[in-house]
Amino acid sequence: MYSANFKYYSPRTVAEAVKLLQEHGEEARILAGGMSLIPMMKMRLVSVNHLIDIGKIDSMKGMAENGSDIVIGGATTHHAIETSPLIQKEVPLMSEVASWIGDPQVRNKGTIGGSLIHADPSGDWGACIIALKGKIMVSNGEKERAIDSDDFFVDMYETSIKAGEILTRVSVPAKSGKGHGFSYMNMERKAGDFATVGVATQLELDDKGNCSSAGIGLTAVGRTPMRASEAEEFLLGKKVGIDGINEAAKLAVKSTDPTDDPLRGSAEFKKAMCEVYTRRSLRTAFERAGGAI
Amino acid sequence: MVYEETFEDGAGLEDLVEVQFTLNGRKRKVSVEPRELLATVLRDRLGMTGTHIGCDTTNCGSCTVIQDGQSVKSCTVFAIQADGSDIITVEGIGNVTELHPIQEAFQEKHGLQCGFCTAGMIMQSYWFLKENPDPSESEIRWGISGNICRCTGYQNIVDAVRLAADKMKTKGGS
Ligand SMILES: Cc1cc2nc3c(=O)[nH]c(=O)nc-3n(C[C@H](O)[C@H](O)[C@H](O)COP(=O)(O)OP(=O)(O)OC[C@H]3O[C@@H](n4cnc5c(N)ncnc54)[C@H](O)[C@@H]3O)c2cc1C
């Protein structure tokens, strides 16, 4: 299966990539891992005249500490994130999420930036960045701007990035250590499949065992990845026990708006599974945070 | 040259680009259209037909090769993206007289039936055993979850990967 032909560019800097993108406008596309774009091109769902491969821009790869934040280059692969000692130590939720994406070969190529921009409502990174209350940085070559995770996803396959901008970095607050708990629970039809439902949670308990921070992001239960805001608000300041977790899981379903999916279940099924998986995810996060059920 | 006849979208010879990479230890140079896939370039232009194309949709893993140390599905990589890379295919890890320990293990455990998925299974195992030289059964199943076999129930394949791990430990295979 072949895509239509295109002109190929392999810039070495962000500035060059942005310049090419702006020069060729709607006829151009960024190529990162290609794990979403190349299949779409081969199936002729999209046609691209100018393909700008960011795979050789080294400055867009890798992870680093920046004060209390962890910054991840937009072209960093899922596998690099999954296996990074820095990520495992400082934001272990991210390495857990990465391990659920596709299969090993897909994780070796696919990137966090490509996944966020692709904005598939079943993509796993959205829920993770929402749960962590992270930021997505985009650049038009002159200025980099930060987009809040709550303002990034607009609709299915649509984000608030503007024409001529590229996603350069993702920034999340470090979340680990004593009192922190996290979990990504993903319901899959078969190994390597996109999620039927996914729930990313991140909890913080203070000295008295009260919840001082809660983040819950949901995958595949609406037109975009979403935040379970009511559930988060409910947990804040409370002593979270099994009853609290059960109640929060019920509230999480209120934030969802799934549609019937011929492959992965009806809207009703997805709502039911959202409750179950939120419960499990919160429970694991709570126990990892040192909470006793 | 028959490129114009091969592709109906009308790309002419002037659209060919030159790609260079190291293939199984040898430097290779090949002229391709930008849209040509690594899998088809390996097979049709470079004669490396060990790499199979099964689904052509990134699902089955038959076309798995190693690009710069990482296993990738070569049906979903444009050959031009591999410019400057180091590529290893199943032809590069052993030969008929001197099989790689993973190939030996697949033979001994009969980790195949029709054999179509085998090159991909072997290349994925090649990468996976470097990541995890002493895997448990469930880790092996996770490690080859991107490779589909429609004949076996995977049991002999999993056994073969485990045996390969043992062989490579004693032999220090590469
Ligand atoms: C078999 C299979 C299973 C999969 N399973 C899952 C799964 O379970 N969960 C999951 O989340 N994903 C899954 N995916 C998708 C995978 O995660 C992709 O890697 C991801 O969606 C896209 O990332 P990419 O780097 O491959 O981007 P590409 O495919 O290269 O690009 C995707 C889109 O983003 C744009 N883009 C890429 N990078 C940038 C950038 N830095 N700035 C601006 N625009 C950019 C491109 O122009 C394109 O429109 C699966 C894919 C396959 C093939």
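All values reported here derive from a predicted model rather than from experimental measurement. Residue numbers begin at 1 in each chain, while the letters A, B, ... track the order of the sequences.
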Student: Find out whether B/P34 and A/N5 are in side-chain contact, i.e. whether some heavy atom of one side chain is under 4.5 Å from a heavy atom of the other.
Tutor: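 Yes, at least one pair of side-chain atoms sits under 4.5 Å.
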Student: According to ring-ring contact (aromatic ring centres under 6.0 Å, His included), who are the partners of A/H79, at least two apart in sequence or on a separate chain?
Tutor: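 Scan of A/H79 (ring-ring contact (aromatic ring centres under 6.0 Å, His included), adjacent residues dropped) gives B/W127.
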Student: Are the side chains of A/M43 and B/T57 in touch, meaning some heavy atoms are under 4.5 Å apart?
Tutor: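 Not in contact.
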Student: Could you state the interatomic distance from CG (B/D15) to CZ (A/F6), rounded to the nearest 0.5 Å?
Tutor: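 It comes to 11.0 Å.
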Student: May I ask you to check whether over 12 heavy atoms, not counting those of B/E18, lie within 6.0 Å of atom CD?
Tutor: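 Correct, the count exceeds 12.
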Student: Without swapping roles, check the side chain of B/R35 against the backbone of A/Y2 for a donor-acceptor pair under 3.5 Å.
Tutor: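 Here the side-chain-to-backbone pair does not exist.
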Student: Is the closest side-chain heavy-atom distance between B/T76 and A/P39 below 4.5 Å?
Tutor: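 Side-chain contact under 4.5 Å: yes.
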Student: Please look at A/L51 and chain B and tell me whether the side chain, the backbone, both or neither of the residue comes under 4.5 angstrom of a heavy atom of that chain.
Tutor: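 For A/L51, side-chain heavy atoms alone lie under 4.5 Å from chain B.
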Student: For atom NZ of A/K61, is the number of surrounding heavy atoms from other residues, nucleotides or ligands below 6.0 Å larger than 12?
Tutor: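 Check passes, neighbour count above 12.
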Student: Please evaluate residues A/M1 and B/L37 with respect to the criterion side-chain contact (heavy atoms from CB on, under 4.5 Å), reporting the C-alpha separation (whole Å), side-chain torsions for both, the decisive distance (0.1 Å), and the verdict.
Tutor: CA-CA 9 Å; A/M1 239 181 342; B/L37 302 164; 5.7 Å; no
Student: Nearest 0.5 Å, what's the OG-NZ distance between B/S85 and A/K56?
Tutor: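 Answer rounded to 0.5 Å: 6.0 Å.
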Student: Can you tell me how far CG of A/D103 sits from CG of B/N59, rounded to the nearest 0.5 angstrom?
Tutor: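 With rounding to 0.5 Å, CG (B/N59) is 8.0 Å from CG (A/D103).
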Student: Among residues 66-74 of chain B, which residues come closer than 4.5 Å to chain A, judged by heavy atom distances?
Tutor: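 Result: B/Q67, B/Q70, B/S71, B/V72, B/K73.
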Student: So which atom in A/V106 and which in B/T58 form the shortest heavy-atom distance, rounded to 0.1 Å?
Tutor: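 Result for this residue pair: CG2-CG2, 4.5 Å.
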Student: For the pair A/K42 and B/C75, evaluate side-chain contact (heavy atoms from CB on, under 4.5 Å) and give the outcome as yes or no after the intermediate values.
Tutor: CA-CA 10 Å; A/K42 286 171 70 179; B/C75 77; 3.9 Å; yes
Student: To the closest 0.5 Å, what do you measure between OH (A/Y8) and CD (B/E33)?
Tutor: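 Here the rounded value is 15.5 Å.
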Student: Check the pair B/F78, A/I38 against side-chain contact (heavy atoms from CB on, under 4.5 Å), reporting the backbone distance first and the verdict last.
Tutor: CA-CA 8 Å; B/F78 292 119; A/I38 297 178; 3.6 Å; yes
Student: Locate the shortest heavy-atom distance separating B/G146 from A/Q105; write the atom from each residue and the value.
Tutor: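 Minimum heavy-atom separation between B/G146 and A/Q105: CA-OE1, 3.8 Å.
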Student: Grab the two heavy atoms, one from B/S145 and one from A/A191, that are nearest each other, plus how far apart they are.
Tutor: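 Distance-wise, the nearest heavy atoms are CB-CB, 4.0 Å.
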